[in-house]
Student: 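This structure is in structure tokens; I'll ask about it shortly.
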Amino acid sequence: MANFAKSNVPQFSVDVYQNEYLPEGGREVNAVVTVTATGGGTIGSAVAAPHLYAPGEGPSAAVVLMVDCSGSMDHPPTKMRNARDATGAAIDTLRDGVHFAVVAGTHLAREVYPGDGRLAVAGPDTREQAKQALRKLSAGGGTAIGTWLRRADRLLASADVAIRHGILLTDGRNEHESPEDLRAALDACAGRFTCDARGVGTDWEVKEVTGIASALLGTADIVADPAGLAADFTRMMETAMGKEVADVSLRLWTPAGATVTFVKQVAPTVEELTGRRTEAGPRTGDYPLGSWGDESRDYHLCVAVPPAAVGREMLAARVSLVIPQPGGSVQSLGAQGLVRAVWTDDLAASTSINPQVAHYTGQAELAEVIQEGLDLRKVGDMDGATAKLGRAVQLASASGNADTAKLLAKVVDVVDAATGTVRLKTKVEEADEMTLETRSTKTVRVKK
């Protein structure tokens, strides 16, 4: 672990939104927890953090860019050129002092720059050297993404830094290793670095790319036109350079007799976290939230509590934020929220649904029915696809998710958004369908 000076870093806060009232015998407690980090670099922090750098320098970081160089990247030849240009643009966006490397991915993983298992340190000379090395990239070979990730992991592990991040670009399916090999690589890399994944063109598998980003707590997206890669890579790297605290976990304590039904991120995207729990003491579990800059995210918690009589109340869960430390200790980020349960015979109180909980329940359903509808469409069940995608249109309209509504309108003709009445389009551009599938988990926040 590096030794860092005290720093101006984000202040974390936790806000809980819920209807704490349950009917007599009621058991299910739902809450939306908003986690916000603000003031990085501008507000002094009470956190004396080994993950954080000295004022003005930013957090120490390392980034590995993994560029698909398989044979398909030569069809058309402009695709490889766009990938080189995009990687160069990302390198130009690196902050001085950040460690970095470039890996060419085929059925093997080859270090393009700086080579020999090392990381370069970003500065005017190394940026120019890296861009010179990119000019030698050419397409040829297969695709085995697990090997790229393992090579990135080894490179990133060699740096004594706070933030470890990968950027991965592919244009094809992972055909030269088994799904089990890719899963094993993701399991090995999970918690060691975050990774944003991008699919360029339309010949890649959406579930592979989104699965990589999900496992490594990054973002996934489609760049249907390779000409858009440079702008996308620049935005990705700018976001990565804005991360200031790594390895944040949401710690959830529940009382005796209570069980956690689920924990999921619901904004800015839907991400299931329930299965990622690691035990952290009696009735306490940690859920990984990845790296943070100045930003806000929402999480939906559901806890089953022992039933009780009218008039009883209890603490159903305590939420806090921690950063795991070597040796099993943790660093507290000083933010906490309480989830309560109160049993009442007031029917209006116990049946009211908190607006945030209602909104994000709908957003999670929206992501689910889009996936189900597209899967049914692919297997020829047009009636089932119409019903699911109609429900998606209805949910997107009701929640004000205009971006998803626009994507849905490229796959279905909307007759009546309010009732979810739609007709499947007979001809759909493959890029439009893949964009809808890739971005289906993007949510809008509840209107205040």
Side-chain angles (χ1 to χ4, degrees), residues 170-175 178-180 182-183 186 197-215 219-224 261-262 264-275 300 302 358-444:
T170 185
D171 82 323
R173 292 172 175 82
N174 197 46
E175 295 175 337
S178 69
E180 292 75 21
L182 177 57
R183 173 44 58 190
L186 290 171
R198 294 294 185 267
V200 60
T202 57
D203 294 327
W204 48 280
E205 178 61 49
V206 171
K207 287 182 172 59
E208 281 181 354
V209 171
T210 56
I212 290 165
S214 174
T219 64
D221 208 348
I222 179 174
V223 185
T261 305
F262 64 76
K264 63 179 71 171
Q265 178 181 288
V266 287
T269 58
V270 177
E271 191 66 63
E272 182 62 61
L273 299 177
T274 312
H300 185 176
C302 182
H359 174 81
Y360 286 124
T361 299
Q363 292 291 284
E365 185 189 354
L366 173 59
E368 185 177 330
V369 293
I370 289 173
Q371 292 286 337
E372 291 173 347
L374 292 176
D375 287 345
L376 289 170
R377 186 179 180 277
K378 289 173 186 175
V379 299
D381 183 350
M382 298 309 175
D383 289 342
T386 301
K388 293 291 184 182
L389 294 174
R391 174 61 174 158
V393 166
Q394 184 181 34
L395 289 164
S397 174
S399 65
N401 195 329
D403 289 342
T404 299
K406 289 176 185 175
L407 296 176
L408 282 162
K410 294 184 178 183
V411 177
V412 298
D413 291 316
V414 180
V415 179
D416 186 345
T419 62
T421 306
V422 303
R423 289 189 297 266
L424 290 184
K425 290 183 182 290
T426 53
K427 291 189 66 176
V428 177
E429 294 291 333
E430 189 172 14
D432 290 336
E433 184 175 358
M434 291 178 70
T435 301
L436 175 60
E437 184 175 3
T438 305
R439 298 179 183 171
S440 62
T441 59
K442 293 183 183 296
T443 59
V444 291

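Not measured: the values here are computed from a predicted model.
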Student: Below 3.5 Å, can you tabulate the donor-acceptor pairs from side chains in residues 380-388 to any protein atom, sequence neighbours excluded?
Tutor:
unit_1, atom_1, unit_2, atom_2, d
Asp381, OD1, Gly384, N, 2.9
Thr386, OG1, Met382, O, 2.7
Lys388, NZ, Glu372, OE1, 3.0

Student: Locate the shortest heavy-atom distance separating Val270 from Ala367; write the atom from each residue and the value.
Tutor: CG2-CB, 4.3 Å
Student: Under the ring-ring contact (aromatic ring centres under 6.0 Å, His included) rule, collect the residues that match up with His359, sequence neighbours excluded.
Tutor: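 His359 satisfies ring-ring contact (aromatic ring centres under 6.0 Å, His included) with no residue once adjacent residues are dropped.
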Student: Enter the distance from Ser214:OG to Glu272:CD here, rounded to the nearest 0.5 Å.
Tutor: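 Those atoms lie 9.5 Å apart.
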Student: State, yes or no, whether a side-chain contact exists between Asp403 and Lys442 at a heavy-atom distance under 4.5 Å.
Tutor: no
Student: With distance as the sole test, does Gln363 use its side chain to make a donor-acceptor pair with the main-chain N or O of Val444 at under 3.5 Å?
Tutor: yes
Student: Using every non-hydrogen atom in the two residues, find where Val422 and Val414 come nearest and quote the distance to one decimal.
Tutor: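 In this case the closest contact between Val422 and Val414 is CG1-CA, 4.2 Å.
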Student: Looking at Lys378, I want to see if its NZ is surrounded by more than 12 non-hydrogen atoms of other residues, nucleotides or ligands under 6.0 Å.
Tutor: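 Check passes, neighbour count above 12.
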Student: Locate the shortest heavy-atom distance separating Thr443 from Asn401; write the atom from each residue and the value.
Tutor: CA-ND2, 4.0 Å
Student: Could you list the residues that satisfy side chain to side chain donor-acceptor pair (under 3.5 Å) with Asp203, not counting sequence neighbours?
Tutor: none
Student: A side-chain contact here means heavy atoms from C-beta on lying under 4.5 Å apart; do Thr404 and Arg439 qualify?
Tutor: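 When only atoms from C-beta onward are counted, Arg439 and Thr404 do not touch, as no gap falls below 4.5 Å.
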Student: With a 4.5 Å cut-off on side-chain heavy atoms, are Leu424 and Leu389 touching?
Tutor: yes
Student: Taking Arg198 as the fixed residue, which of Thr170, Thr219, Asp171, Asp221 is the one that meets the side-chain hydrogen bond (donor to acceptor under 3.5 Å, both in side chains) rule?
Tutor: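 Among the candidates, only Thr219 passes.
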Student: Is there a donor-acceptor pair closer than 3.5 Å between any side-chain N or O of Gln371 and the backbone N or O of Glu437?
Tutor: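 A pair under 3.5 Å: yes.
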Student: How long is the gap from CD1 on Ile212 to CZ on Arg183, to the nearest 0.5 Å?
Tutor: 9.5 Å
Student: Run the salt bridge (charged side-chain N to carboxylate O under 4.0 Å, His left out) test against Asp375 and tell me which residues pass, sequence neighbours left out.
Tutor: Lys207
Student: Looking at every heavy atom in both Met434 and Trp204, which two are closest together, and how far apart are they?
Tutor: CE-O, 3.3 Å
Student: Sequence neighbours excluded, which residues qualify as salt bridge (charged side-chain N to carboxylate O under 4.0 Å, His left out) partners of Glu433?
Tutor: Arg377
Student: Is there any side chain to side chain donor-acceptor pair (under 3.5 Å) pair reaching into residues 422-431, and which pairs are they, with sequence neighbours excluded?
Tutor: Asp413-Lys425
Student: Is the backbone of Ala418 close enough, under 3.5 Å, to the side chain of Gln394 for a donor and an acceptor to pair up by distance?
Tutor: yes
Student: Report yes if some heavy atom in the side chain of Tyr360 is under 4.5 Å from a heavy atom in the side chain of Lys264; otherwise report no.
Tutor: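 Side chain of Tyr360 against side chain of Lys264, heavy atoms only: no contact under 4.5 Å found.
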Student: Would you call Leu436 and Ile370 a side-chain contact if the rule is heavy atoms closer than 4.5 Å?
Tutor: yes
Student: For Gly211 and Leu186, work out which heavy atoms get closest and say how close.
Tutor: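 Answer, listing the atom of Gly211 first, then Leu186: O-CD1, 4.3 Å.
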Student: Looking only at atom types and distance, does a side-chain atom of Thr210 sit under 3.5 Å from a main-chain N or O of Val206, one as donor and one as acceptor?
Tutor: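 Pair found, side chain donor or acceptor close to backbone of Val206.
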Student: Is it the case that Glu271 and Thr441 place a side-chain donor and acceptor less than 3.5 Å from each other?
Tutor: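 Checked: Glu271/Thr441 side chains show no N/O donor-acceptor pair below 3.5 Å.
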